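Worksheet: the structure to be examined is printed underneath.
Along the sequence shown, the residues carry numbers beginning at 1. On a predicted model such as this, the values are computed, not experimentally measured, just so you know. Because only heavy atoms are used, hydrogens play no part in the values below, and waters and symmetry mates are left out as well, while side chains stay in.
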Amino acid sequence: MRRSAANATANAAARAAAAAVTVAALLATATGCGGGSTDGGGSNSAPGELTYWASNQGADIAADQAALGPELKKFEERTGIKVKLEVIPWSDLLNRILAATASGQGPDVLNIGNTWSASLQATGALLPWTAENFRAVGGRDRFVASAVGSAGAAGQDPAAVPLYSMAYALYYNKKMFQEAGIEKPPATWDELVETGRRISGGGTSGRWALGAEGANLANNIHQVFVLSRQHGGSFFDAAGKPTFDTPANVDAVKQYVDLMAKDRIVAPGNAEYDKNQSLQDFASGRTAMVLWQSAASSFKAHGMKEGDWGTAPVPVPVPAGAAPAAGGTNVNSMVAGINMAVFKNTDNLDGALKFVGFMTSDEEQKILNKTYGSIPPVKAAQSDPAFADQDLTVLRDTLATSAAPLPQVPEESQFETTVGTAVKELFADAAAGRPVTTESVRARLAKAQQQMAN
């Protein structure tokens, strides 16, 4: 039986509050939590093995295990080091990392979302990527500068090394567009709403125009961050102070939730989606569009074939070449990606560095990023013809020209839980038919800002 939207929202709010408290406690204790020394720590007391926490990048955990297993075996054959793999769903990963950071009982190597880099860096639990450590994996210059820039706070040694680079795109079902007489994907938000209404008819057609993950806190943040930039806003000021309830941020959040509440191009049931259900709906023809990071491999896993979908940049407020409104920008994606970090108190420091070097080698970067439909953050690997198709060209161009990193501040993970939950609650209101007004949006964002202050 499906949980009601109200119950789902209450449970998510409780989890978000708990996560925020945990992050705050970690930040208060800083370097004391990691279990290693402040100069890098670690030992080589267990040189024959490593534990690796991988993030769920494929259609499911089994797909990741199948993809990574042969590569880890290859590493073992070359080095004699056995890697114990655990693939962790995104819904659990941050809390698992925070618990490991607090206890000092974590894996040797782990994947982290690049947006968490500064928050986890501030705990002092991760190995800093000094010039010496970068030399162990071939040097910092091997990596795209923007990817390294999303691996920790400015002015500090990065907390991680880029592994997969991604950006958001608008994916559209070519058959559904053809059946609706729509010749090209929307380039602006007004065009997206107009296109969406032609497809969904306000929900009367049995199909919906756009999929969303209304209960996925991180996805909510990614979407409203972009819209905030387009409105000329920012969720933190230059000093790193939260500015959640500014008019620009209120307008951004309302615009996103209004895709369900007012425009009726997102199905009410999407308010409860938090495990990539919108990708399944897209692949099965229930929705015509979805905003997602590097989705091609997931579409194929759900039975779609090359050519069934098209890829276009995420819409912007005004047509290409036109100047945005005063203060606004044409940013249309956050700088997305996955980084690899090493716990400072690893008992196989040399092995961990070898493993990061292996996973970010030119050869492995080509294999892994082909598998997941992402962009290699290693410059040399990007020249492979596999990364020149239409899907990846859109993603690469977006990363190069119109993407911006989420705030690299220690409180970023709290920002995801508090504001992400506020957006989730507003989607629950929209799904239940409760009005979503400027005042209700401002009140939820003000509440989120107060939670950050506490």
Side-chain angles (χ1 to χ4, degrees), residues 5-28 90-99 101-102 112-123 153 212-229 231 233-237 239-257 271-272 274 334 405-430 436 438-454:
N7 286 341
T9 300
N11 292 340
R15 289 194 300 270
V21 170
T22 303
V23 174
L26 290 170
L27 295 177
W90 280 104
S91 56
D92 300 332
L93 184 58
L94 180 58
N95 283 337
R96 288 283 302 274
I97 294 171
L98 293 174
T101 300
I112 64 174
N114 67 355
T115 63
W116 305 338
S117 295
S119 294
L120 296 176
Q121 179 183 47
T123 69
E213 298 274 325
N216 184 319
L217 308 189
N219 190 277
N220 286 342
I221 288 298
H222 300 167
Q223 308 298 345
V224 301
F225 166 77
V226 166
L227 290 169
S228 169
R229 291 294 298 268
H231 282 273
S234 175
F235 283 97
F236 292 86
D237 64 19
K241 180 181 177 182
T243 55
F244 296 167
D245 59 349
T246 62
N249 290 335
V250 170
D251 289 345
V253 171
K254 189 172 188 302
Q255 178 183 346
Y256 184 49
V257 177
E272 295 189 24
D274 68 349
M334 42 84 74
L406 280 169
Q408 288 289 321
V409 296
E411 296 82 8
E412 197 284 330
S413 56
Q414 288 175 273
F415 163 54
E416 289 195 19
T417 55
T418 55
V419 175
T421 297
V423 177
K424 175 176 179 173
E425 292 170 347
L426 289 162
F427 269 121
D429 287 344
V436 175
T438 297
E439 284 306 313
S440 68
V441 173
R442 181 180 294 110
R444 285 266 167 62
L445 291 177
K447 178 183 176 183
Q449 184 161 319
Q450 184 61 41
Q451 288 173 331
M452 287 281 289
N454 292 337

Mark yes or no for whether [X], through its side chain, and [Y], through its backbone, hold a donor-acceptor pair below 3.5 Å.
X    : Y    : value
Q121 : A153 : yes
T421 : L217 : no
S119 : S413 : yes
N249 : T243 : yes
N219 : G214 : no
Q414 : M452 : no

Would you call [X] and [Y] a side-chain contact if the rule is heavy atoms closer than 4.5 Å?
X    : Y    : value
I112 : I97  : yes
K447 : D245 : no
V257 : R444 : no

Could you give the distance from [atom1] ([X]) to [atom2] ([Y]), rounded to the nearest 0.5 Å?
X    : Y    : atom1 : atom2 : value
T115 : E412 : OG1   : CD    : 4.0 Å
Q223 : E213 : CD    : CD    : 10.0 Å
L445 : Q450 : CG    : CD    : 13.5 Å
K424 : E272 : NZ    : CD    : 8.0 Å
K254 : L426 : NZ    : CG    : 10.0 Å
W90  : D274 : CH2   : CG    : 14.5 Å

Can you give me the closest heavy-atom contact between [X] and [Y], atom names plus distance?
X    : Y    : answer
T101 : T123 : CG2-OG1, 3.3 Å
M334 : V226 : N-CG2, 3.7 Å
S228 : A252 : N-CB, 3.4 Å
N114 : S117 : O-OG, 3.0 Å

### Query
When the ring planes of F415 and F235 are compared, do they come out parallel, tilted or perpendicular, using 30° and 60° as the limits?
tilted
### Summary
In short, salt bridge (Lys or Arg N to Asp or Glu O under 4.0 Å) pairs touching residues 219-228 with sequence neighbours left out are none
### Task
Please lay out, stage by stage, how Y256 and N220 fare under the test side chain to side chain contact (heavy atoms under 4.5 Å, CB included).
CA-CA 9 Å; Y256 184 49; N220 286 342; 3.9 Å; yes
